[in-house]
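What follows is one structure encoded as structure tokens, with my remarks underneath.
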There are 2 protein chains.
Amino acid sequence: MTPYYEENTKHYIAVDCIIFGFDEGELKILLHKRNFEPEKGKWSLIGGFLQDNESIDFAARRILQQYSGLSNLFMEQLYTFGEVERDPGERVISVTFYALIRIEEYNNQLKRETSAQWWPISRKPTLIFDHDKMVVKALERLKIRAKNQPIGFELLPRKFSVPRLQSLYEAIYQRNLDKRNFRKKILSMNLLQKLEEKDKGVSKKGAFLYQFDKRKYSKLVEKGFHFEL
Amino acid sequence: MTPYYEENTKHYIAVDCIIFGFDEGELKILLHKRNFEPEKGKWSLIGGFLQDNESIDFAARRILQQYSGLSNLFMEQLYTFGEVERDPGERVISVTFYALIRIEEYNNQLKRETSAQWWPISRKPTLIFDHDKMVVKALERLKIRAKNQPIGFELLPRKFSVPRLQSLYEAIYQRNLDKRNFRKKILSMNLLQKLEEKDKGVSKKGAFLYQFDKRKYSKLVEKGFHFEL
DNA sequence: ACAGAAAAGCGTATATCCTACACTTAACCC
DNA sequence: GGGTTAAGTGTAGGATATACGCTTTTCTGT
């Protein structure tokens, strides 16, 4: 024990996660109904408290695993919210993360908290505390990251068609893209492996499926390549 | 008191600031010698503990004011460091901020902590704990922000010449820029007001001074303008 | 007072990238 | 076999980024 530290006060630290999915051409987030006071029963981000023996990153992974049933999700620290009165129950500092989930993997997963529910961003309910602000910040960050890093693939099935990828980017950027220009740009990076299979789910003709080549990407990055869409 | 909260543990929260200045064509940071154990006497970022009745932003401003003597500095929250063993004294979560100072205003300011010292980034000493990592992250962020937002002006005197601005950007990007292209680009934005005065400090000929027009910038932003250098 | 030094200031040509745009193809359904 | 639906393809024009060298100003030193 060091005296100097003890002159200061300690605080509760929460970790809150903005979990994104992509389905039916829309961006969605996973929310759950808060089960303790205050604001019990209201919609909230998914979160929990930081424990003694875990790093902040670890806490975020623990919470993500608990609510999604999935580990090794893409996740990035976002921002720390520290207004004195942000939580009317007690003073709590919240460190936020956003995470990306392949919704179909989530749906196949059974072992998890069941009170969570997917909401389309555009029709989500009002959230408790400052959680709406957190969502806004997460969306801003997602837009920037999706443009400069190949994280979009974390929201799509491992095999996807170019039109599906485009519709994801349209959902993130909130604007329509030209399909010829989009295809040209993404394929010119040589990061997508074309497969033999087609996705027949959407059109009669079917669209060829592709896979993101993570290895190739890492090699290119070493050589100074910079992803941009 | 709400029982649920009390099941969790509280933690010390520190606020650490990476304070940038620009002088003699170099980016510098303000460091100070730590005055308590552990690591007493070693070089450290400028920081302090979050108190009960203040928001995190407020704490950052308080600390910046205390060490620089200046208020209303440009400042942005950076990242939160939460490894369990990052501070060998006690478990402390650190929320970091980076801030930009006009060094000449700092030098004119007398009321402040005196143990702080400016170090050129390229020749700074090794810092305690994970503070070197924090500096790396701050530099990354500074590069991105300087490119997309007019924050460079926060590091220069209110009146500055185009060559001085260029040398700032060269220091931030760590590469040389073409002076004709640089001048063309920055002046074409119409954000700099040309003054009658010249800066005779650097060359015999002297370079015309300019001022950043914050008002014009805000108006342009409303119309959808996006700064980029 | 003249020569030299040192940085400021200026314009154009070329390459690259972004944008706009419309028809054909493949497969299924009835 | 005709209709429907989304997939897939190329090119031209405009805008933007890059590369590049000479002249001007003023101070300094002799």
Side-chain angles (χ1 to χ4, degrees), chain A residues 24-26 143 146-148 156-157 159-171 173-211 220 224-229, chain B residues 22-26 143 146-148 156-157 159-211 220 223-229:
Chain A
E24 300 165 328
E26 282 185 305
K143 269 184 211 177
K147 197 170 180 63
N148 298 306
L156 290 175
K159 299 174 180 182
F160 54 87
S161 66
V162 174
R164 267 347 87 218
L165 183 62
Q166 178 176 342
S167 104
L168 168 63
Y169 273 88
E170 289 177 334
Y173 295 161
Q174 293 280 40
R175 67 189 186 92
N176 293 334
L177 303 172
D178 179 277
K179 62 179 172 171
R180 277 169 294 190
N181 295 336
F182 182 82
R183 180 183 292 269
K184 202 189 315 174
K185 202 163 176 186
I186 187 70
L187 290 182
S188 74
M189 292 187 208
N190 279 319
L191 291 171
L192 301 189
Q193 288 193 291
K194 189 173 185 175
L195 305 174
E196 293 302 311
E197 306 165 68
K198 279 187 166 186
D199 167 18
K200 290 289 189 75
V202 181
S203 79
K204 334 239 155 152
K205 183 178 176 181
F208 278 103
L209 291 170
Y210 291 79
Q211 258 183 325
L220 284 174
F225 170 78
H226 179 70
F227 181 91
E228 179 149 359
L229 255 184
Chain B
F22 178 66
D23 194 25
E24 301 165 328
E26 282 185 306
K143 269 184 213 180
K147 196 168 180 66
N148 297 307
L156 290 175
K159 300 173 181 181
F160 54 87
S161 66
V162 174
R164 266 350 85 218
L165 182 63
Q166 179 176 341
S167 104
L168 168 63
Y169 273 89
E170 289 176 333
I172 294 174
Y173 295 161
Q174 294 280 35
R175 66 188 187 92
N176 294 334
L177 303 173
D178 179 275
K179 60 180 171 170
R180 278 168 294 189
N181 294 337
F182 183 82
R183 179 182 293 269
K184 201 188 318 172
K185 200 162 177 185
I186 187 71
L187 291 181
S188 74
M189 290 188 208
N190 279 317
L191 290 172
L192 301 189
Q193 288 192 292
K194 189 173 185 172
L195 306 174
E196 293 304 310
E197 307 165 67
K198 278 187 167 186
D199 167 18
K200 289 288 188 76
V202 181
S203 80
K204 334 238 155 154
K205 183 178 176 183
F208 278 103
L209 291 171
Y210 291 79
Q211 257 183 325
L220 283 174
K223 289 180 198 156
F225 169 79
H226 179 70
F227 181 91
E228 179 149 358
L229 255 183

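Chain letters run A, B, ... following the sequence lines, proteins first and then strands; every chain starts at 1.
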Working to the nearest 0.5 angstrom, can you tell me the gap between [X] [atom1] and [Y] [atom2]?
X       : Y       : atom1 : atom2 : result
F225(B) : M189(B) : CZ    : CE    : 5.0 Å
L156(B) : S167(B) : CG    : OG    : 7.5 Å
Q166(A) : L168(A) : CD    : CG    : 10.5 Å

task = For the pair V162(A) and F208(A), evaluate side-chain contact (heavy atoms from CB on, under 4.5 Å) and give the outcome as yes or no after the intermediate values.
result = CA-CA 8 Å; V162(A) 174; F208(A) 278 103; over 6 Å; no

Could you tell me how far apart [X] ([atom1]) and [N] ([atom2]) are, to the nearest whole angstrom?
X       : N       : atom1 : atom2 : value
D178(A) : dT11(D) : CG    : C1'   : 13 Å
F182(B) : dT16(D) : CZ    : C1'   : 17 Å
R164(A) : dG8(D)  : CZ    : C1'   : 13 Å

message = How would you summarise protein contacts on nucleotides 21-30 of chain D per nucleotide, using B for base, S for sugar-phosphate only and - for none, with heavy-atom distances below 4.0 Å?
response = B--BBBBS--

message = Is R183(A) close enough to dA7(D) that one of its side-chain N or O atoms is under 4.0 Å from OP1 or OP2 there?
response =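 For R183(A), the contact criterion (side-chain N or O under 4.0 Å from OP1 or OP2 of dA7(D)) is not met.
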
task = Decide yes or no for K147(B) and L229(B): does some side-chain heavy atom of the first lie under 4.5 Å from some side-chain heavy atom of the second?
result =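 Result no, sub-4.5 Å side-chain heavy-atom pair not found.
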
ask   = Starting at the 5' end of DNA chain D and moving along, which residue's nearest nucleotide shows up first, K184(B) or K194(A)?
value = K194(A)

Enumerate donor-acceptor pairs with a distance under 3.5 Å from any side-chain N or O in residues 190-202 of chain B to protein atoms, sequence neighbours excluded.
from	atom 1	to	atom 2	distance (Å)
E197(B)	OE2	K159(B)	NZ	2.8
D199(B)	OD1	G201(B)	N	2.8

task = Check every nucleotide of DNA chain C for an atom under 4.0 Å from a heavy-atom of chain B, then give the first and the last such nucleotide from 5' to 3'.
result = dA7(C) to dT12(C)

